[in-house]
Amino acid sequence: MTTTPQKSVVYVVDDDQGVLGSLRFLLETDGFEVRTFRSGPALLDALDEGRADCIVVDYKMPGMNGIDLAQKLRDRKISTPVVMITGYPDESISSRAAAVGVQHVVLKPHLEDSLVFHIRGALLGSDATA
């Protein structure tokens, strides 16, 4: 009897429903199982309900930005790889994200080109860059 390999589970956090839908489509098309969340607190509440192999977080969200969310994950001793997406290219965002353990920061205009690449690299523990 053959077993089907288990899909990697990616949690995506973004306050924009349209972005969530697009990212779900992109990642499911590439073979990932995807769960989406509209806020950092919603993700934090759901973490006990299942496993995430990688977490994709938007930088700019109301209430709790992506860097704050990544810090809360680390404070909870959650070592799941985090990839941050942002529409705001800023060197300080990248350095602050790296300081809280974010593996990669990907610019929103280039998501299709590099998000899957960076997620796969994070899953493999790689420091791959596009």
**Report entry** Same apolar cluster: V106 and I67, side chain cutoff 4.5 Å
**Finding:** no
Query raised in the report: M64, V82: one ILVMFWY side-chain cluster at the under-4.5 Å cut-off?
Result: yes
Query raised in the report: Are L26 and V105 joined in one hydrophobic group, where the rule is that I, L, V, M, F, W and Y side chains link up if heavy atoms are under 4.5 Å apart?
Result: no
**Report entry** Pairwise side-chain contact, V34 with V12, heavy-atom cut-off 4.5 Å (strictly under)
**Finding:** yes
Query raised in the report: Is the Y59 ring parallel, tilted or perpendicular to the Y88 ring (thresholds 30°, 60°)?
Result: perpendicular
Query - Nearest heavy atoms of R35 and A46, plus distance in Å - result: NH2-CB, 3.9 Å
Report summary line: Heavy-atom nearest pair, D15 first then P62, reads OD2-CD, 3.5 Å
**Report entry** Minimal non-hydrogen separation, C54 against A122, with atom names
**Finding:** SG-CB, 4.3 Å
Query - Distance in Å, T80 OG1 paired with L123 CG, rounded so as to fall on 0.5 Å steps - result: 10.0 Å
Query raised in the report: Do the side chain of S114 and the main chain of F117 share a donor and acceptor less than 3.5 angstrom apart?
Result: no
Report task. For K60 and D58, run salt bridge (charged side-chain N to carboxylate O under 4.0 Å, His left out): C-alpha distance rounded to whole Å, both residues' side-chain angles, the deciding distance at 0.1 Å, then the answer. Result -> CA-CA 6 Å; K60 189 170 183 175; D58 185 26; over 6 Å; no
Report summary line: Heavy-atom closest pair (F37 atom, L20 atom, distance to 0.1 Å) is O-CD1, 3.7 Å
Requested in this report: Can you see which heavy atom on K7 is nearest to which on R51, and at what distance?
Outcome: O-NH2, 3.2 Å
Report task. Output yes when a side-chain donor or acceptor of E33 lies under 3.5 Å from a complementary backbone atom of S8, and no otherwise. Result -> no
Report summary line: When rounded to the nearest 0.5 Å, the distance separating CG of L47 from CD1 of I78 is 4.5 Å
Query raised in the report: Are L44 and V56 linked, directly or through other ILVMFWY residues, by side chains that come within less than 4.5 angstrom of each other?
Result: no
Query raised in the report: Would a 4.5 Å heavy-atom cut-off, applied to side chains only, mark L23 and I85 as touching?
Result: yes
Query raised in the report: Is Y11 linked to M61 within one hydrophobic cluster, defined over Ile, Leu, Val, Met, Phe, Trp and Tyr using a side-chain heavy-atom separation of less than 4.5 Å?
Result: yes
Report task. Could you walk me through whether D14 and K108 pass salt bridge (charged side-chain N to carboxylate O under 4.0 Å, His left out), step by step? Result -> CA-CA 12 Å; D14 197 305; K108 279 187 176 179; 3.3 Å; yes
Query raised in the report: Roughly how far, to the nearest 0.5 Å, is the CG atom of L43 from the CD1 atom of I55?
Result: 5.0 Å
Query raised in the report: Just by modelled atom types, is the V9 backbone N or O under 3.5 Å from a matching donor or acceptor in the D53 side chain?
Result: yes
Report task. With side chain to side chain contact (heavy atoms under 4.5 Å, CB included) as the test, would you mind laying out the steps for L107 and T86 before giving the verdict? Result -> CA-CA 5 Å; L107 296 178; T86 183; 3.9 Å; yes
Query raised in the report: Which value, rounded to the nearest 0.5 Å, describes the distance between Q17 atom CD and R24 atom CZ?
Result: 9.0 Å
